[in-house]
2 protein chains.
Amino acid sequence: MVKRVSLWDAGCPVARSLDVIGDWWSLLIIRDAFDGVRRFNEFQTSLGIAKGMLATRLRDLTQRGILETAPASDGTAYREYVLTEKGRGLFLVIVALRQWGEDHLYRPGEARSSLVDTETGAPVARLELHAENGRPLGWSDTRVQKSGNG
Amino acid sequence: MVKRVSLWDAGCPVARSLDVIGDWWSLLIIRDAFDGVRRFNEFQTSLGIAKGMLATRLRDLTQRGILETAPASDGTAYREYVLTEKGRGLFLVIVALRQWGEDHLYRPGEARSSLVDTETGAPVARLELHAENGRPLGWSDTRVQKSGNG
DNA sequence: CAGTATCCCCCCTGATACTG
DNA sequence: CAGTATCAGGGGGGATACTG
(Lines give C-alpha, C1' and ligand atoms only; values in the text may rest on other atoms or scores of the structure.)
Protein backbone atom coordinates (compact mmCIF):
# COMPACT_ATOMS: atom_id res chain seq x y z
CA MET A 1 0.00 0.00 0.00
CA VAL A 2 1.16 3.48 -0.69
CA LYS A 3 2.92 1.29 -3.19
CA ARG A 4 5.90 2.43 -5.16
CA VAL A 5 5.00 -0.09 -7.81
CA SER A 6 1.35 -0.78 -8.42
CA LEU A 7 0.08 -3.88 -10.14
CA TRP A 8 -3.44 -2.55 -9.94
CA ASP A 9 -3.66 -2.30 -13.69
CA ALA A 10 -2.31 -5.72 -14.48
CA GLY A 11 -5.76 -7.25 -14.85
CA CYS A 12 -5.08 -9.88 -12.23
CA PRO A 13 -7.51 -9.90 -9.33
CA VAL A 14 -4.88 -11.39 -7.05
CA ALA A 15 -2.52 -8.52 -7.67
CA ARG A 16 -5.27 -5.99 -7.25
CA SER A 17 -6.30 -7.52 -3.94
CA LEU A 18 -2.74 -7.42 -2.73
CA ASP A 19 -2.57 -3.82 -3.79
CA VAL A 20 -5.32 -3.11 -1.29
CA ILE A 21 -4.64 -5.42 1.64
CA GLY A 22 -1.27 -6.92 0.82
CA ASP A 23 0.77 -5.55 3.66
CA TRP A 24 1.65 -7.02 6.95
CA TRP A 25 -0.61 -4.99 9.23
CA SER A 26 -3.82 -4.75 7.24
CA LEU A 27 -4.72 -8.41 7.33
CA LEU A 28 -3.93 -8.63 11.01
CA ILE A 29 -6.20 -5.70 11.73
CA ILE A 30 -8.90 -7.32 9.66
CA ARG A 31 -8.39 -10.60 11.48
CA ASP A 32 -8.86 -8.80 14.78
CA ALA A 33 -11.97 -7.11 13.44
CA PHE A 34 -13.44 -10.52 12.63
CA ASP A 35 -12.66 -11.52 16.19
CA GLY A 36 -14.74 -8.65 17.51
CA VAL A 37 -12.07 -6.05 18.15
CA ARG A 38 -13.50 -2.58 17.56
CA ARG A 39 -11.65 0.04 19.55
CA PHE A 40 -8.42 1.81 18.80
CA ASN A 41 -6.82 0.75 21.98
CA GLU A 42 -7.92 -2.85 21.64
CA PHE A 43 -6.22 -3.08 18.27
CA GLN A 44 -3.15 -1.43 19.64
CA THR A 45 -2.62 -3.71 22.57
CA SER A 46 -3.70 -6.79 20.64
CA LEU A 47 -1.22 -6.19 17.83
CA GLY A 48 1.56 -4.33 19.56
CA ILE A 49 1.49 -1.87 16.67
CA ALA A 50 2.67 1.73 17.06
CA LYS A 51 -0.16 4.19 17.52
CA GLY A 52 0.78 6.24 14.50
CA MET A 53 0.91 3.22 12.24
CA LEU A 54 -2.40 2.00 13.56
CA ALA A 55 -4.06 5.34 12.91
CA THR A 56 -2.71 5.34 9.37
CA ARG A 57 -3.80 1.79 8.66
CA LEU A 58 -7.23 2.35 10.14
CA ARG A 59 -7.66 5.44 8.00
CA ASP A 60 -6.47 3.63 4.85
CA LEU A 61 -8.74 0.68 5.43
CA THR A 62 -11.65 3.00 6.03
CA GLN A 63 -10.95 4.95 2.86
CA ARG A 64 -10.76 1.75 0.91
CA GLY A 65 -14.17 0.73 2.13
CA ILE A 66 -13.03 -2.20 4.22
CA LEU A 67 -13.75 -0.69 7.61
CA GLU A 68 -16.26 1.92 8.62
CA THR A 69 -16.59 3.91 11.80
CA ALA A 70 -19.58 3.84 14.07
CA PRO A 71 -20.41 5.65 17.31
CA ALA A 72 -19.17 3.79 20.34
CA SER A 73 -21.64 1.22 21.55
CA ASP A 74 -20.91 2.08 25.16
CA GLY A 75 -22.15 5.65 24.80
CA THR A 76 -18.74 7.29 24.99
CA ALA A 77 -17.77 9.85 22.39
CA TYR A 78 -15.33 7.56 20.65
CA ARG A 79 -15.55 5.72 17.38
CA GLU A 80 -15.55 2.05 16.73
CA TYR A 81 -14.18 0.40 13.64
CA VAL A 82 -16.26 -2.33 12.09
CA LEU A 83 -16.00 -4.30 8.89
CA THR A 84 -18.11 -3.28 5.94
CA GLU A 85 -19.65 -5.90 3.71
CA LYS A 86 -16.61 -5.56 1.47
CA GLY A 87 -14.40 -6.13 4.47
CA ARG A 88 -16.39 -9.13 5.60
CA GLY A 89 -15.78 -10.53 2.13
CA LEU A 90 -12.22 -11.12 3.23
CA PHE A 91 -13.35 -13.86 5.58
CA LEU A 92 -12.26 -16.66 3.29
CA VAL A 93 -8.85 -15.11 2.84
CA ILE A 94 -8.37 -15.22 6.58
CA VAL A 95 -9.73 -18.76 6.74
CA ALA A 96 -7.40 -19.89 3.97
CA LEU A 97 -4.41 -18.33 5.71
CA ARG A 98 -5.44 -19.98 8.94
CA GLN A 99 -5.79 -23.37 7.32
CA TRP A 100 -2.39 -23.16 5.67
CA GLY A 101 -0.78 -22.08 8.90
CA GLU A 102 -2.37 -24.96 10.76
CA ASP A 103 -1.27 -27.40 8.08
CA HIS A 104 2.32 -26.33 7.69
CA LEU A 105 3.50 -24.05 10.44
CA TYR A 106 2.87 -25.91 13.67
CA ARG A 107 4.57 -28.80 15.30
CA PRO A 108 2.24 -31.54 16.42
CA GLY A 109 0.71 -30.69 19.77
CA GLU A 110 1.75 -27.06 19.68
CA ALA A 111 -0.94 -24.78 21.09
CA ARG A 112 -2.95 -22.75 18.63
CA SER A 113 -6.38 -21.28 18.12
CA SER A 114 -8.87 -22.85 15.77
CA LEU A 115 -12.05 -21.89 13.99
CA VAL A 116 -15.20 -23.60 15.12
CA ASP A 117 -18.85 -23.69 14.14
CA THR A 118 -20.59 -21.59 16.78
CA GLU A 119 -23.67 -23.75 16.72
CA THR A 120 -22.00 -27.08 17.33
CA GLY A 121 -18.62 -26.07 18.65
CA ALA A 122 -17.03 -28.44 16.14
CA PRO A 123 -14.18 -27.36 13.90
CA VAL A 124 -15.29 -26.11 10.51
CA ALA A 125 -14.79 -28.31 7.47
CA ARG A 126 -11.65 -27.92 5.42
CA LEU A 127 -11.85 -25.31 2.74
CA GLU A 128 -11.84 -26.87 -0.71
CA LEU A 129 -12.14 -25.79 -4.29
CA HIS A 130 -14.74 -27.41 -6.49
CA ALA A 131 -15.77 -27.38 -10.12
CA GLU A 132 -19.16 -26.13 -11.21
CA ASN A 133 -20.49 -29.65 -10.91
CA GLY A 134 -19.10 -30.18 -7.44
CA ARG A 135 -16.04 -32.21 -8.35
CA PRO A 136 -13.07 -31.35 -6.07
CA LEU A 137 -10.35 -29.40 -7.83
CA GLY A 138 -6.65 -29.24 -7.04
CA TRP A 139 -4.32 -26.54 -8.23
CA SER A 140 -3.25 -28.62 -11.21
CA ASP A 141 -6.83 -29.04 -12.37
CA THR A 142 -7.18 -25.34 -12.99
CA ARG A 143 -5.80 -22.72 -15.28
CA VAL A 144 -5.82 -18.96 -15.31
CA GLN A 145 -7.65 -17.69 -18.32
CA LYS A 146 -6.09 -14.43 -19.25
CA SER A 147 -7.96 -11.51 -20.54
CA GLY A 148 -5.20 -9.35 -19.21
CA ASN A 149 -2.22 -10.37 -17.13
CA GLY A 150 -2.64 -13.52 -15.09
CA MET B 1 9.18 -10.90 6.67
CA VAL B 2 12.49 -10.12 8.24
CA LYS B 3 9.95 -8.70 10.59
CA ARG B 4 10.90 -6.20 13.23
CA VAL B 5 7.92 -7.41 15.25
CA SER B 6 7.08 -11.08 15.00
CA LEU B 7 3.70 -12.49 15.89
CA TRP B 8 4.96 -15.97 15.29
CA ASP B 9 4.50 -16.88 18.92
CA ALA B 10 1.02 -15.54 19.30
CA GLY B 11 -0.60 -18.93 18.77
CA CYS B 12 -2.69 -17.66 15.88
CA PRO B 13 -2.19 -19.54 12.63
CA VAL B 14 -3.21 -16.48 10.66
CA ALA B 15 -0.46 -14.39 12.20
CA ARG B 16 2.06 -17.14 11.74
CA SER B 17 1.16 -17.48 8.08
CA LEU B 18 1.52 -13.76 7.59
CA ASP B 19 4.87 -13.94 9.29
CA VAL B 20 6.00 -16.24 6.50
CA ILE B 21 4.30 -14.95 3.36
CA GLY B 22 2.72 -11.71 4.52
CA ASP B 23 4.60 -9.28 2.38
CA TRP B 24 3.78 -7.75 -0.93
CA TRP B 25 6.18 -9.68 -3.17
CA SER B 26 6.00 -13.19 -1.76
CA LEU B 27 2.42 -13.87 -2.68
CA LEU B 28 2.89 -12.44 -6.15
CA ILE B 29 5.88 -14.67 -6.73
CA ILE B 30 3.84 -17.61 -5.52
CA ARG B 31 0.97 -16.64 -7.78
CA ASP B 32 3.35 -16.59 -10.73
CA ALA B 33 4.72 -19.96 -9.71
CA PHE B 34 1.20 -21.40 -9.80
CA ASP B 35 0.89 -19.94 -13.27
CA GLY B 36 3.91 -21.89 -14.42
CA VAL B 37 6.64 -19.28 -14.05
CA ARG B 38 9.90 -20.97 -13.14
CA ARG B 39 12.86 -18.93 -14.27
CA PHE B 40 14.52 -15.98 -12.61
CA ASN B 41 14.11 -13.79 -15.60
CA GLU B 42 10.49 -14.75 -16.10
CA PHE B 43 9.67 -13.67 -12.59
CA GLN B 44 11.59 -10.49 -13.04
CA THR B 45 9.88 -9.33 -16.19
CA SER B 46 6.49 -10.57 -15.08
CA LEU B 47 6.60 -8.67 -11.82
CA GLY B 48 8.78 -5.71 -12.64
CA ILE B 49 10.67 -6.42 -9.42
CA ALA B 50 14.28 -5.36 -8.92
CA LYS B 51 16.74 -8.19 -9.41
CA GLY B 52 18.21 -7.87 -5.97
CA MET B 53 14.81 -8.03 -4.32
CA LEU B 54 13.82 -10.99 -6.41
CA ALA B 55 16.98 -12.88 -5.49
CA THR B 56 16.33 -12.19 -1.82
CA ARG B 57 12.71 -13.23 -1.97
CA LEU B 58 13.47 -16.37 -3.92
CA ARG B 59 16.09 -17.31 -1.38
CA ASP B 60 13.75 -16.61 1.54
CA LEU B 61 10.92 -18.59 0.04
CA THR B 62 13.27 -21.46 -0.66
CA GLN B 63 14.62 -21.42 2.88
CA ARG B 64 11.11 -21.42 4.23
CA GLY B 65 10.29 -24.52 2.24
CA ILE B 66 7.80 -22.90 -0.10
CA LEU B 67 9.92 -23.07 -3.23
CA GLU B 68 12.64 -25.47 -4.18
CA THR B 69 15.17 -25.34 -6.98
CA ALA B 70 15.50 -27.87 -9.73
CA PRO B 71 17.84 -28.21 -12.68
CA ALA B 72 16.59 -26.35 -15.71
CA SER B 73 14.25 -28.43 -17.80
CA ASP B 74 15.80 -27.11 -20.98
CA GLY B 75 19.19 -28.59 -20.22
CA THR B 76 20.90 -25.29 -19.47
CA ALA B 77 22.94 -24.95 -16.33
CA TYR B 78 20.43 -22.71 -14.60
CA ARG B 79 18.00 -23.41 -11.84
CA GLU B 80 14.27 -23.35 -11.87
CA TYR B 81 12.09 -22.46 -8.94
CA VAL B 82 9.10 -24.64 -8.32
CA LEU B 83 6.56 -24.86 -5.53
CA THR B 84 6.98 -27.51 -2.90
CA GLU B 85 3.98 -29.29 -1.48
CA LYS B 86 3.94 -26.72 1.30
CA GLY B 87 3.97 -23.98 -1.30
CA ARG B 88 1.20 -25.60 -3.29
CA GLY B 89 -0.82 -25.55 -0.09
CA LEU B 90 -1.14 -21.82 -0.59
CA PHE B 91 -3.39 -22.39 -3.55
CA LEU B 92 -6.56 -21.61 -1.65
CA VAL B 93 -5.08 -18.40 -0.29
CA ILE B 94 -4.49 -17.25 -3.85
CA VAL B 95 -7.95 -18.38 -4.89
CA ALA B 96 -9.55 -16.53 -1.99
CA LEU B 97 -7.65 -13.37 -2.84
CA ARG B 98 -8.69 -13.73 -6.46
CA GLN B 99 -12.32 -14.20 -5.56
CA TRP B 100 -12.38 -11.17 -3.29
CA GLY B 101 -10.71 -9.05 -5.93
CA GLU B 102 -13.21 -10.13 -8.53
CA ASP B 103 -16.09 -9.42 -6.18
CA HIS B 104 -15.07 -6.02 -4.93
CA LEU B 105 -12.29 -4.47 -6.97
CA TYR B 106 -13.52 -4.44 -10.55
CA ARG B 107 -16.04 -2.33 -12.32
CA PRO B 108 -18.57 -4.30 -14.34
CA GLY B 109 -17.14 -5.23 -17.70
CA GLU B 110 -13.57 -4.40 -16.76
CA ALA B 111 -11.09 -6.89 -18.22
CA ARG B 112 -9.58 -9.40 -15.84
CA SER B 113 -8.26 -12.91 -15.73
CA SER B 114 -10.27 -15.72 -14.20
CA LEU B 115 -9.70 -19.21 -12.89
CA VAL B 116 -11.22 -22.04 -14.89
CA ASP B 117 -11.52 -25.78 -14.64
CA THR B 118 -8.99 -27.12 -17.14
CA GLU B 119 -11.16 -30.05 -18.03
CA THR B 120 -14.30 -28.14 -18.89
CA GLY B 121 -13.04 -24.63 -19.38
CA ALA B 122 -15.80 -23.43 -17.09
CA PRO B 123 -15.12 -21.08 -14.19
CA VAL B 124 -14.53 -22.83 -10.90
CA ALA B 125 -17.25 -22.80 -8.28
CA ARG B 126 -17.20 -20.10 -5.64
CA LEU B 127 -15.14 -20.88 -2.61
CA GLU B 128 -17.32 -21.42 0.44
CA LEU B 129 -16.93 -22.41 4.04
CA HIS B 130 -18.96 -25.30 5.39
CA ALA B 131 -19.60 -26.96 8.71
CA GLU B 132 -18.64 -30.55 9.36
CA ASN B 133 -22.06 -31.63 8.18
CA GLY B 134 -21.91 -29.62 4.98
CA ARG B 135 -24.04 -26.69 6.07
CA PRO B 136 -22.73 -23.39 4.58
CA LEU B 137 -21.12 -21.15 7.14
CA GLY B 138 -20.77 -17.36 7.10
CA TRP B 139 -18.31 -15.42 9.18
CA SER B 140 -20.88 -14.81 11.88
CA ASP B 141 -21.55 -18.51 12.24
CA THR B 142 -18.04 -19.14 13.43
CA ARG B 143 -15.88 -18.34 16.37
CA VAL B 144 -12.19 -18.53 17.10
CA GLN B 145 -11.53 -20.92 19.88
CA LYS B 146 -8.49 -19.74 21.66
CA SER B 147 -5.88 -21.94 23.07
CA GLY B 148 -3.47 -19.07 22.67
CA ASN B 149 -4.07 -15.73 21.04
CA GLY B 150 -6.80 -15.63 18.42
C1' DC C 1 -9.30 6.53 26.02
C1' DA C 2 -8.32 8.01 21.32
C1' DG C 3 -5.82 9.82 18.78
C1' DT C 4 -2.06 13.59 16.53
C1' DA C 5 2.64 15.32 16.09
C1' DT C 6 7.50 14.74 15.88
C1' DC C 7 11.84 12.69 15.67
C1' DC C 8 14.68 9.36 13.71
C1' DC C 9 16.55 5.07 12.23
C1' DC C 10 16.83 1.27 9.45
C1' DC C 11 15.71 -1.57 5.81
C1' DC C 12 13.05 -2.19 1.95
C1' DT C 13 13.40 -1.31 -2.65
C1' DG C 14 15.03 0.42 -7.08
C1' DA C 15 18.95 1.44 -10.30
C1' DT C 16 23.09 0.40 -12.10
C1' DA C 17 27.21 -2.01 -12.86
C1' DC C 18 29.65 -6.24 -12.84
C1' DT C 19 30.52 -11.50 -13.26
C1' DG C 20 30.13 -16.32 -14.99
C1' DC D 1 20.46 -15.74 -18.86
C1' DA D 2 21.14 -15.74 -13.88
C1' DG D 3 22.50 -13.81 -10.67
C1' DT D 4 25.80 -10.68 -7.05
C1' DA D 5 27.51 -6.16 -5.43
C1' DT D 6 27.03 -1.62 -4.37
C1' DC D 7 24.96 2.79 -3.84
C1' DA D 8 21.27 5.92 -2.69
C1' DG D 9 16.51 7.32 -1.24
C1' DG D 10 12.18 7.16 0.88
C1' DG D 11 9.12 5.74 3.79
C1' DG D 12 7.67 2.09 6.93
C1' DG D 13 7.65 1.76 11.54
C1' DG D 14 8.81 2.46 16.60
C1' DA D 15 9.15 5.67 20.67
C1' DT D 16 7.80 9.46 22.95
C1' DA D 17 5.35 13.53 24.02
C1' DC D 18 1.26 16.09 23.65
C1' DT D 19 -3.96 17.13 23.25
C1' DG D 20 -8.98 16.73 23.90
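Throughout, protein chains are lettered first and strands after them, A, B, ... in sequence-line order, and every chain is numbered starting at 1.
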Contacts of type side-chain contact (heavy atoms from CB on, under 4.5 Å), residue A:Y106, not counting sequence neighbours: A:E110, A:R112, B:P13, B:R16
Return each pair, listed once, that meets salt bridge (Lys or Arg N to Asp or Glu O under 4.0 Å) where at least one residue sits in residues 127-143 of chain A; pairs must be two or more places apart or across chains. A:R135-B:D117, A:R135-B:E119
Sugar-phosphate, base or nothing in reach of A:Y81, heavy atoms under 4.0 Å: sugar-phosphate
Mind listing the N/O atom pairs, protein and nucleotides 16-20 of chain D, below 3.5 Å?
residue	atom	partner	partner atom	Å
D:dG20	N2	A:Y78	OH	3.2

What is the separation between atom CD on A:Q44 and atom C1' on D:dG14, rounded to the nearest whole Å? 11 Å
According to a 3.5 Å limit on both distances, what stems of 3 or more consecutive Watson-Crick or G-U pairs are formed with DNA chain C? C:1-20 with D:1-20
Run the side chain to side chain donor-acceptor pair (under 3.5 Å) test against B:D74 and tell me which residues pass, sequence neighbours left out. B:R39, B:T76
Results of salt bridge (Lys or Arg N to Asp or Glu O under 4.0 Å) for B:R38 - residues two or more places apart only: B:E80
How many whole angstroms separate atom CG of B:L54 from atom P of D:dG3? 9 Å
Closest to the side chain of B:N41, out of D:dA2, D:dG14, D:dG3, is D:dA2
Distance (rounded to the nearest 0.5 Å) between B:L61 CG and B:K86 NZ: 10.5 Å
Could you check how far CG of B:L28 sits from P of C:dC12, rounded to whole Å? 17 Å
Measure from CH2 on B:W25 to C1' on C:dG14 and round the result to the nearest Å. 10 Å
Distance from B:I30 atom CD1 to B:W25 atom CH2, nearest 0.5 Å? 13.5 Å
How long is the span from the CG atom in B:L97 to the CG atom in B:L105, to the nearest 0.5 Å? 10.5 Å
d(CD1, A:I49; P, D:dG12) in whole Å: 12 Å
With sequence neighbours excluded, tell me which residues meet side-chain contact (heavy atoms from CB on, under 4.5 Å) with B:T45. B:N41
Of the nucleotides C:dG3, D:dA2, C:dC1, which one has an atom closest to the side chain of A:R39? C:dC1
Show the atom names and distances, to 0.1 Å, of all donor-acceptor pairs under 3.5 Å that link a side chain in residues 89-96 of chain A to residues at least two apart or in another chain.
none

Tell me: CD of B:E42 to P of D:dG3, nearest whole Å? 12 Å
What distance separates B:I49 CD1 from B:T56 OG1, expressed to the nearest 0.5 Å? 8.5 Å
Interatomic distance where CD belongs to B:E80 and P belongs to D:dG3 [whole Å]: 11 Å
For the side chain of A:A55, counting heavy atoms from C-beta on, which of C:dT4, D:dG3, C:dC12 is nearest? C:dT4
Can you tell me if the side-chain N/O atoms of B:R59 get under 4.0 Å from OP1 or OP2 in D:dG3? no
Rounded to whole angstrom units, what separation is found between the CH2 atom of A:W24 and the C1' atom of C:dC11? 16 Å
Can you list everything that forms a side-chain contact (heavy atoms from CB on, under 4.5 Å) with B:D9? Sequence neighbours excluded, please. none
Under the side-chain contact (heavy atoms from CB on, under 4.5 Å) test, which residues partner A:D103, sequence neighbours left out? A:Q99, A:R126
Would you tell me if any nitrogen or oxygen in the side chain of A:R57 comes within less than 4.0 Å of OP1 or OP2 on D:dG12? no
Taking N or O atoms only and anything under 3.5 Å, show me the protein contacts with nucleotides 7-10 of chain D, one pair per line.
none

